[in-house]
Amino acid sequence: PDSLASGTDPFDLASAAAAAIAGRTGVDRHDVALVLGSGWGGAAGLLGETTHTLQAADLPGFNPPTVAGHAGTVLSVLTPAGRRVLVLGARTHYYEGRGVRAVAHGVRTAAAAGCSVVVLTNGCGGLNPDWPAGTPVLIRDHINLTAASPLEGATFVDLTDLYSRRLRGIAREVDPTLEEGVYAQFTGPHYETPAEVQYARRIGADLVGMSTALEAIAARHAGLEVLGVSLVTNLAAGISPAPLSHAEVIEAGLAAGPRISRLLADIVGR
Ligand SMILES: Nc1nc2[nH]c(I)nc2c(=O)[nH]1
């Protein structure tokens, strides 16, 4: 929990985690951090050569993986262009109840490790019937419905252009067909009711998920430039008349794998 009594300043903990990464990999500085969400697991292999694989739980402030499929690893990848990518395969979701500091720890560690850019990916529900499962969507902006902030105290941070226009431009150069949308973070872990999905649509959301917004705010505060990319893994509740079968969702996510992994590799390689 986030009790102040714990004493460990979140930024000291992030520095300790970054020092542990540098110590174990011999890589003193990473350039780009990549947070892998549902359906994005295959991206790391296409980025370049994974020179080091660390267990996240061995690093200060990271927790054992609770989301199935998240390998719970932190990778150091060397791209063909000689850039160092820190691949965080161990996201903490707000719904785990570990508090906002745990949610923000990964991006704070990335900043402490020297990164200047973080790419946040996630799996989400789609509100646009024209975006079927398997559609990647650039996040243009977010609506934070968690009623929480990763920041504490009088930490006033401007969030204009939080999802970097520059990085979205690079992404669209890589794939001009990419859609853009507004991502709404719900607390979860339950999915939205059809009425909540209609509410999200009416307030301007195109995507609904349970991650990303809090991490993006913490990333901006830590000085990182942010790119967010969602993978629609299902149509949100009530959007499609017949609820998609879980098998279809899994299949659509897998089918999109090669395309979205290539997309990320080309964006990071720029
Ligand atoms: N809130 C929310 N999160 C999600 N994550 C995935 I994958 N699908 C959904 C969804 O439909 N709603």
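We count ligands from 1, going down the list as the structure has it; atoms in each ligand are counted the same way. Since this is a predicted model, take the numbers as computed values, not measurements.
Counting the atoms of ligand 1 from 1 in the order shown, those under 4.0 Å from a heavy atom of Met210 are 1 (N), 2 (C), 3 (N). Within the listing of ligand 1, atoms 6 (C), 8 (N), 9 (C), 10 (C), 11 (O) sit less than 4.0 angstrom from a heavy atom of Asn234.
Taking the six-membered ring where the residue is Trp, the centroids of His221 and Phe11 are separated by under 6.0 Å.
Taking atom 4 (C) of ligand 1 as the reference point, the nearest protein heavy-atom neighbour is Tyr191 CE2, 3.5 Å. If you check which protein heavy atom lies closest to atom 5 (N) of ligand 1, you get Gly123 O, 3.6 Å. Among protein heavy atoms, atom 7 (I) of ligand 1 sits closest to Thr233 OG1, 2.9 Å. With hydrogens left out, the protein atom closest to atom 1 (N) of ligand 1 is Glu192 OE2, 2.5 Å, a heavy atom.
Considering backbone and side-chain N/O atoms, Ser38 never comes within less than 3.5 Å of an N/O atom of ligand 1.
Each of Leu13 and Leu59 belongs to its own hydrophobic cluster when Ile, Leu, Val, Met, Phe, Trp and Tyr are linked at side-chain heavy-atom distances under 4.5 angstrom.
At a heavy-atom distance under 4.0 Å, no atom of Ala237 approaches ligand 1.
Val87 pairs in a side-chain contact (heavy atoms from CB on, under 4.5 Å) with only one of the listed residues (Val268, Leu47, Thr50, Val119), which is Leu47.
Under 4.0 Å is where a charged nitrogen must lie from a carboxylate oxygen, and between Glu225 and Arg220 no such pair does. Contact check on Asp175 versus Arg262 returns no salt bridge, with no Lys/Arg side-chain nitrogen under 4.0 Å from an Asp/Glu carboxylate oxygen.
Listed for the Arg140 side chain is no donor-acceptor partner under 3.5 Å among the backbone atoms of Tyr163.
When only modelled atom types and interatomic distance are considered, Ser15 and Arg108 share no side-chain donor-acceptor pair under 3.5 Å.
Residue contact check for ligand 1: Gly209 places a non-hydrogen atom closer than 4.0 Å to it.
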